[in-house]
Colleague: 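Let me begin by handing over the structure; questions about it come next.
Positions are given from 1 along the sequence. Predicted model, so just to flag it, every value in this text is computed and none were measured.
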Amino acid sequence: MPMTLNSVIAANLAPTVSSNCFNRNVNRRRISFSSVNCSVETAEAERWVKLKNGNDSLEICRVLNGMWQTSGGWGKIDQNDAVDAMLRYADAGLSTLDMADIYGPSEDLYGIFINRVRRERPPEYLEKIKGLTKWVPPPVKMTSSYVRGNIEKSRKKMDVASLDMLQFHWWDYANDGYLDALKHLTDLKEQGKIKTIALTNFDTERLQKILENGIPVVSNQVQHSIVDMRPQQRMAQLCELTGVKLITYGTVMGGLLSEKFLGTNLTIPFAGPRLDTPSLQKYKKMVDAWGGWNLFQNLLRTMKNIASKHGVSIPTVAVRYVLDQQGVAGSMIGVRLGLAEHIEDANAIFSLVLDKEDVNSIQEVTKKGKDLLQVIGDCGDEYRRI
């Protein structure tokens, strides 16, 4: 029987680690033992979060390794080098990986990686490894056999009995087949083929409709950065009511939010770093929609001052700021496996505490930008508007 939103809210408001352990702007260095119900006084405790809906739960690392970069456009990936890099990230505690059926060889690489973990690491190590994948089907009729067949493909590539998380994307809201697909995915979860069901790039209206239809969604993966604060409007409010969490991508804007682009002038041909990856090209358009390159430079200068104050990098500040936002369980950093690494910067996120002065200085700049909810629309609308 379909659930009402009120019943969904009641079912999700029970206190959990995920809802209590990452209140915004908590000074993790100053929490006393007498006040720690969730033990967030150390960076190690801050590393993990539990996503939960009813009896379904999954503990993940709050900084996720995004594998879109394996799909081409960021440099040629060598299989052995890539898997070696995946092990280095996991050894450093960055043990949650995000893939998709459309991200080139990402699921195949995970299958090779997880088998190396099984052979070369102790059993307790394996428990911390989480593989999150996405299914991005065309908007065709969603029959039980069609859904099952596609999930089986991912399970076989990743070489797992059950997917830790299946994040579902849908292109066309005019076709409500997404509800059929999600009901079939729920059946597969009940059969043990999937541990948790999640969404990616759904807007607030459709998320509410999905919850009202009884689909046990634990998270919605959306674009979210200091520049793109759309999720903190309608989406965060619904998440606060229902317990659904946000996993964010685009948080460092493909690398634009970094020292590499500080002090550059992209308005002059060949004067600055090349926008030579799909992610840089994508997020440069977001900068243009938000307020342009000059305002973005003001933001980078402000973030550099904050980064220098704390002895970290601009990307570390960018991710920490978003992790501190309402409803955000985890943030993605894209990994160019075997080509470049950012393990030290990523691990610095867990101990970084942005104080009120830091937050205010960022907001003094961002308030000068445009409201992207008005420019683009709600979460995911950038993929559906022509």
Colleague: Between Asp324 and Arg320, is there a side-chain N and carboxylate O pair less than 4.0 Å apart?
Modeller: yes
Colleague: Under a 4.5 Å cut-off applied to non-hydrogen side-chain atoms, are Met332 and Met67 in contact?
Modeller: no
Colleague: If the condition is ring-ring contact (aromatic ring centres under 6.0 Å, His included), which residues does Tyr283 pass it with, not counting sequence neighbours?
Modeller: none
Colleague: Show me the pairs that pass salt bridge (charged side-chain N to carboxylate O under 4.0 Å, His left out) and involve residues 173-187, at least two apart or across chains.
Modeller: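 Counting only pairs at least two positions apart or across chains, no salt bridge (charged side-chain N to carboxylate O under 4.0 Å, His left out) contact touches residues 173-187.
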Colleague: Just by distance, with hydrogens left out, do Gln221 and Asp98 show a side-chain donor and acceptor under 3.5 Å apart?
Modeller: yes
Colleague: If only side-chain N and O atoms count, and only distance matters, is there a donor-acceptor pair under 3.5 Å linking Ser154 with Thr133?
Modeller: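 No, no side-chain donor-acceptor pair sits under 3.5 Å.
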Colleague: Do the side-chain N and O atoms of Ser313 and Asp345 include a donor-acceptor pair separated by under 3.5 angstrom?
Modeller: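 Checked: Ser313/Asp345 side chains pair up, N/O donor to acceptor below 3.5 Å.
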Colleague: Is the closest side-chain donor-acceptor distance between His224 and Gln232 under 3.5 Å?
Modeller: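 His224 vs Gln232: donor-acceptor pair found between side chains.
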Colleague: Check this for me: Glu344, atom CD, are more than 12 non-hydrogen atoms of other residues, nucleotides or ligands nearer than 6.0 Å?
Modeller: no
Colleague: Identify whether NZ of Lys or CZ of Arg in Lys153 sits under 6.0 Å from the centre of the six-membered ring of Trp135 and within 45° of that ring's axis.
Modeller: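 No; the conditions do not both hold, so Lys153 does not lie above the ring face of Trp135.
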Colleague: Which pairs with one or both residues in residues 222-235 pass salt bridge (charged side-chain N to carboxylate O under 4.0 Å, His left out), sequence neighbours excluded?
Modeller: Asp228-Arg230, Arg230-Glu382
Colleague: Should Ile60 and Trp48 count as side-chain neighbours, where that means a heavy-atom distance under 4.5 Å?
Modeller: no
Colleague: Please tell me if the side chains of Arg336 and Glu341 come closer than 4.5 Å, counting only heavy atoms from C-beta onward.
Modeller: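 No - every pair of side-chain heavy atoms lies 4.5 Å or more apart.
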Colleague: Check whether any side-chain heavy atom of Val375 sits under 4.5 Å from a side-chain heavy atom of Leu372, and report yes or no.
Modeller: yes
Colleague: Decide yes or no for Leu132 and Ile247: does some side-chain heavy atom of the first lie under 4.5 Å from some side-chain heavy atom of the second?
Modeller: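 Result yes, sub-4.5 Å side-chain heavy-atom pair found.
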Colleague: Within a 6.0 Å radius of atom NZ on Lys285, are there more than 12 heavy atoms belonging to other residues, nucleotides or ligands?
Modeller: no
Colleague: A side-chain contact here means heavy atoms from C-beta on lying under 4.5 Å apart; do Leu256 and Val287 qualify?
Modeller: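 Heavy-atom side-chain distance check passes, below 4.5 Å.
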Colleague: Suppose we screen for ring-ring contact (aromatic ring centres under 6.0 Å, His included). Which residues come up paired with Tyr249, at least two apart in sequence or across chains?
Modeller: none
Colleague: Any side-chain heavy atom of Asp101 sitting closer than 4.5 Å to one from Lys157?
Modeller: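 They are not in side-chain contact.
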Colleague: Under the salt bridge (charged side-chain N to carboxylate O under 4.0 Å, His left out) rule, what pairs show up with a residue in residues 259-279, not counting sequence neighbours?
Modeller: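 Applying salt bridge (charged side-chain N to carboxylate O under 4.0 Å, His left out) to every pair that reaches into residues 259-279, excluding sequence neighbours, yields Glu259-Lys304.
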Colleague: Is the terminal nitrogen or CZ of Lys209 (NZ for Lys, CZ for Arg) located under 6.0 angstrom from the six-membered ring centre of Trp170 and within 45° of that ring's axis?
Modeller: no
Colleague: Does any part of the side chain of Leu299, heavy atoms only, come nearer than 4.5 Å to the side chain of Leu257, both counted from C-beta?
Modeller: yes
Colleague: Identify whether NZ of Lys or CZ of Arg in Arg384 sits under 6.0 Å from the centre of the six-membered ring of Tyr173 and within 45° of that ring's axis.
Modeller: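 Relative to the ring axis of Tyr173, which defines the angle, Arg384 lies inside both limits.
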Colleague: For Asn294, enumerate each residue passing the side-chain contact (heavy atoms from CB on, under 4.5 Å) test, keeping only those at least two apart in sequence or located in another chain.
Modeller: none
